There are 2 protein chains.
Amino acid sequence: MLLKIDTAGSRPTDGHLAELAGERVCWSEFKYRRGTELFGEGEEADYVYEIISGAVRTYKLLSDGRRQINSFHLPGDVFGIENRAIHRFSAEAVVATKVRIAKRRSLLERMQCEKAGATSVLDFVTQNLHHAENHMLLLGRKTALERVAAFLLEIDERLAHPNVMDLPMNRRDIADYLGLTLETVSRALSTLRDDEMLRFEGTTHRQLVLLDRKRLAAQDV
Amino acid sequence: MLLKIDTAGSRPTDGHLAELAGERVCWSEFKYRRGTELFGEGEEADYVYEIISGAVRTYKLLSDGRRQINSFHLPGDVFGIENRAIHRFSAEAVVATKVRIAKRRSLLERMQCEKAGATSVLDFVTQNLHHAENHMLLLGRKTALERVAAFLLEIDERLAHPNVMDLPMNRRDIADYLGLTLETVSRALSTLRDDEMLRFEGTTHRQLVLLDRKRLAAQDV
DNA sequence: CGCGGAGTTGATGATCTTCAAACATGGTGG
DNA sequence: CCACCATGTTTGAAGATCATCAACTCCGCG
């Protein structure tokens, strides 16, 4: 929360890469070290972010420190588009992360002028809402095992079903995403391993191989 | 899910719906009996709804019947605006409910043509997202008592702090909204009553009086 | 080498769920 | 008008799931 933004190595570019917004939104690149804050809840929403590499968690806190992670953002994801001028949650780099940043106002203005642009911002927010609705179902009504299975399948999907899945986040992050404790997440993963639905690759237990996506999906409901 | 839409007492207006993307968005009124379905998950999203009286729950189901209610809609609320053509959840009347309905396409087209309109659809979806983010925090990280207190304050707020709060929904609905069981909700309400934060009015236990909103807010965190 | 961060696993315990029973309410039909 | 029944609510007792507390391992790194 109190960490400073780490702009070491920032490298403004002459961004043509705004597929989302049409032509002339100017993007620049920034790097964040592991654990540093991109923005905090309540801060002004000045920028829109696109992840180049790494991973970002967005979350809310209760006053006593309990944390709920809304979502993980992986390379290719765009986030930070807020309709209001104030961020409703905080964002931190899960690992060393490189992002492209654009001024939010200029982007939104451009997008709202054009009909196609307006649709795509709306699409974007709608996608977030869709994800949130599914996640409410998970948080409100699924068991620990179902949650962890759903998490694995979600990440697997977003990484395009790699042979070896490389988790950028630790067990506590996963737990705070799934509304569990890190021990429960660890136990669920061990159970899935014992049931031969996954296997750990290497020593770190951050790389894993999904052995049976069908049965994993059946854990979920 | 399998309930038929109840159009008893529907009052089809004389063909105004046939007006296409004309100048007026044409609303017509419908009534739904308690428990009837306005639309189901996966159905085409043809209409936008505004509640005149009554209440609506929107929810998702797991295959074994577990239910998560996303939100309750009360008089004045507009819902059913979906960016995609398919509803992502079901909607049912909690009690006898009167709504105004407009063709979704004509409405969206109108709203997207005008800059102000585009902003207001976006605002609308953003508000839903905001609510969903807060609700994920509740579902993932709050205790039963905190959830119930938060629920009471939310309804209180949306009813503009009435002296006597009239709950349209039963304990099971509340439970499925808060990710609890109906018994746990009942117990939490009894606890809050015993601690003199609320009082039941009348006999039904659906009307209640918040006696100390400050302390209720402190239950929440 | 020692240290800290991360993960696993075990024992215990708290919270919430499940199962069950009792009671109130409101509507319906005899 | 009352009996009757479905629906809704509360409360109790027992049980399951998950959280908490704690110990231990493994790894990377100064």
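Note that the structure is predicted; figures quoted are calculated from it, not measured. Throughout, a chain's letter reflects where its sequence line sits, starting with A, and its residues are numbered from 1.
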Q. Within this structure, what is the CG-to-P distance between B:L189 and D:dG8, rounded to whole angstrom?
A. 16 Å
Q. Step by step, would you call A:R199 with A:E201 a salt bridge (Lys or Arg N to Asp or Glu O under 4.0 Å)?
A. CA-CA 6 Å; A:R199 170 163 62 78; A:E201 188 79 14; 2.8 Å; yes
Q: For B:R171 and C:dT18, give me the distance from atom CZ to atom C1', rounded to whole Å.
A: 19 Å
Q: Ignoring the backbone of B:N170, work out which of D:dT7, D:dT9, C:dT8 is nearest its side chain.
A: D:dT9
Q) Atom CG of B:L198 and atom P of D:dT9: how far apart are they, to the nearest Å? A) 14 Å
(Q) In whole Å, I'd like the distance from the CG atom of A:L182 to the C1' atom of C:dG5. (A) 12 Å
Q: Treat primed atoms plus P, OP1 and OP2 as sugar-phosphate and everything else as base, then score nucleotides 14-30 of chain D 5' to 3': B for base contact with protein heavy atoms under 4.0 Å, S for sugar-phosphate contact only, - for none.
A: ----SSBB-----S---
Q | Over 12 foreign heavy atoms within 6.0 Å of CZ, B:R88 | A | yes
Q: Report yes if some heavy atom in the side chain of A:V185 is under 4.5 Å from a heavy atom in the side chain of A:F151; otherwise report no.
A: no
Q: Verify the neighbour count for atom CG of B:N163: are there more than 12 heavy atoms of other residues, nucleotides or ligands below 6.0 Å?
A: no
Q: Would you mind reading off the distance between B:L167 atom CG and C:dT25 atom P, rounded to a whole angstrom?
A: 17 Å
**Q.** Value in whole Å for how far the P atom of C:dT25 lies from CD of B:Q207
**A.** 12 Å
Q. Using rotation axes that map the C1' atoms of four end pairs onto the next four (five pairs an end), what angle separates the end axes of the helix from C:dC1-D:dG30 to C:dG30-D:dC1, to 10°?
A. 20°
Q. Side chains of B:D173 and B:P168: closer than 4.5 Å at any heavy-atom pair?
A. no
Q: Check whether any side-chain N or O of B:H205 sits under 4.0 Å from OP1 or OP2 of D:dG8, and answer yes or no.
A: no
Q: For B:F200 and C:dA24, give me the distance from atom CZ to atom P, rounded to whole Å.
A: 15 Å
**Q.** B:R172 side-chain N/O to D:dG8 phosphate OP1/OP2 under 4.0 Å
**A.** no
Q: Mind calculating the distance between CZ (B:R206) and P (C:dA24) to the nearest angstrom?
A: 18 Å
Q.
Check whether B:R57 reaches the backbone of B:I69 with its side chain - one donor and one acceptor, N or O, closer than 3.5 Å.
A. no
